[in-house]
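Being a predicted model, the structure only gives us computed values, none of them experimental. Throughout, residue positions are numbered sequentially from 1 according to the sequence presented.
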Amino acid sequence: MGWFSRFFTAVTFLAIGILFSPETFGSKSDGLRSPGLSTYIKLAHLLSFATAWGSALWVTFIGGIIMFNNLPRHQFGNLQSKMFPAYFTLVGVCCAISVAAFAYLHPYKTASAVEKYQLGFLLSAFAFNLSNLVVFTPMTIEMMKQRHKIEREKNIGEEVGWSKNKEVAKKDPKLAAMNKKFGMIHGLSSLANVMAFGSLAMHSWYFAGKIDL
């Protein structure tokens with residue numbers, strides 16, 4: 001099934017869900033806010049938050065670890081250099097939509113303290129992802145390419161895991177220095193990613209408290 005077919009299928013199921021929720025339409029307006037519009041904005045917030053949360057959970061704790069443990073290191077790095085910009089763009093856009101939707105549903109002047117904190121968590125998730133997309137990821141990719149060049153000269157990098165890199169770095173100051181620089185930038189990127197995930201996790205607790213099953 002191609003990308004368009006998958007997207008069309010998802011939209012079709014969404015449309016069917018709307019048809020089975022007639023309360024979305026025809027309701028009376030509450031003040032200046034249309035109940036129908038509010039429902040769509042809530043849906044945008046829900047889908048955007050769920051996409052950001054699910055993507056962060058998979059990439060951070062499942063997909064990346066599986067790939068690292070099963071792919072040759074250079075192949076893994078090259079794949080990550082293509083995947084991470086798309087990943088941070090996706091999560092960043094989803095966080096931006098969630099921020100806008102939540103701010104519309106809970107105007108800051110009339111929002112409670114809890115709602116203001118939740119808006120702060122969503123803004124934090126957006127900011128951490130933006131810092132990764134604009135700052136840390138480009139730096140990490142560039143340092144990865146430089147390290148790959150050094151490793152190819154040493155005929156390493158096709159193994160799975162770090163064993164040969166660590167062994168060679170003990171005898172090669174240049175590779176050891178590159179490992180240190182890469183580790184520092186990659187560590188900052190990972191920290192920003194975890195902080196974004198943590199911010200989304202805090203909002204998920206608030207979200208769960210609002211669900212009436």
message: Please enumerate all residues that pass side-chain contact (heavy atoms from CB on, under 4.5 Å) together with Leu119, with sequence neighbours excluded.
response: Val99, Phe102, Ala103, Tyr108, Leu123

- prompt: For Lys42, which residues count as a salt bridge (charged side-chain N to carboxylate O under 4.0 Å, His left out) partner, sequence neighbours excluded?
  reply: none

task: Return the set of residues passing salt bridge (charged side-chain N to carboxylate O under 4.0 Å, His left out) with Glu115 (not counting sequence neighbours), or none when no residue passes.
output: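 Partners of Glu115 by the salt bridge (charged side-chain N to carboxylate O under 4.0 Å, His left out) criterion come out as none, since no residue qualifies.
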
Nearest 0.5 Å please: distance from the [atom1] atom of [X] over to the [atom2] atom of [Y].
X	Y	atom1	atom2	value
Met144	Lys149	CE	NZ	14.0 Å
Cys95	Phe49	SG	CZ	9.0 Å
His148	Gln75	NE2	CD	11.0 Å
Asn78	Phe76	CG	CZ	11.0 Å
Leu46	Ile41	CG	CD1	13.5 Å

Side-chain contact, heavy-atom cut-off 4.5 Å: [X] with [Y]?
X	Y	answer
Met83	Met67	yes
Ser190	His186	yes
Thr60	Asn193	yes

- prompt: Within a radius of less than 6.0 Å around CE of Met143, do more than 12 heavy atoms belonging to other residues, nucleotides or ligands occur?
  reply: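 Yes, CE of Met143 has more than 12 neighbouring heavy atoms, counting only those of other groups under 6.0 Å.
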
task: Inspect the surroundings of OH in Tyr117 and state if more than 12 heavy atoms from other residues, nucleotides or ligands are less than 6.0 Å away.
output: no

May I ask whether [X] and [Y] are part of the same hydrophobic cluster, defined by side-chain heavy atoms of I, L, V, M, F, W, Y residues being less than 4.5 angstrom apart, directly or through others?
X	Y	answer
Tyr40	Ile97	no
Leu79	Phe84	yes
Tyr87	Phe61	yes
Ile150	Val168	yes
Trp205	Phe121	no

task: Check which hydrophobic residues are tied to Ile141 through side-chain heavy-atom contacts below 4.5 Å, counting indirect links as well, and list them.
output: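 Hydrophobic cluster check, Ile141: no partners found.
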
message: Is the distance from the ring center of Phe207 to that of His45 below 6.0 Å?
response: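 Ring centres of His45 and Phe207 closer than 6.0 Å.
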
- prompt: How far apart are the C-alpha atoms of Arg73 and Glu151, what are their side-chain angles, what is the distance that settles it, and do they pass the salt bridge (Lys or Arg N to Asp or Glu O under 4.0 Å) test?
  reply: CA-CA 11 Å; Arg73 238 175 358 93; Glu151 289 178 333; 3.0 Å; yes

Per-pair distances, 0.1 Å, donor-acceptor, side chain in residues 126-140, under 3.5 Å, sequence neighbours excluded:
{"unit_1": "Asn129", "atom_1": "ND2", "unit_2": "Ala125", "atom_2": "O", "d": "2.9"}
{"unit_1": "Ser131", "atom_1": "OG", "unit_2": "Phe128", "atom_2": "O", "d": "2.6"}
{"unit_1": "Asn132", "atom_1": "OD1", "unit_2": "Ser189", "atom_2": "OG", "d": "2.6"}
{"unit_1": "Asn132", "atom_1": "ND2", "unit_2": "Ser189", "atom_2": "O", "d": "3.0"}
{"unit_1": "Thr137", "atom_1": "OG1", "unit_2": "Asn132", "atom_2": "O", "d": "2.8"}
{"unit_1": "Thr140", "atom_1": "OG1", "unit_2": "Phe136", "atom_2": "O", "d": "2.7"}

Which atom pairs, donor and acceptor, lie under 3.5 Å between side-chain atoms of residues 173-185 and protein residues at least two apart or in another chain?
{"unit_1": "Asn179", "atom_1": "OD1", "unit_2": "Arg147", "atom_2": "NH1", "d": "3.0"}
{"unit_1": "Asn179", "atom_1": "ND2", "unit_2": "Asn165", "atom_2": "OD1", "d": "2.8"}

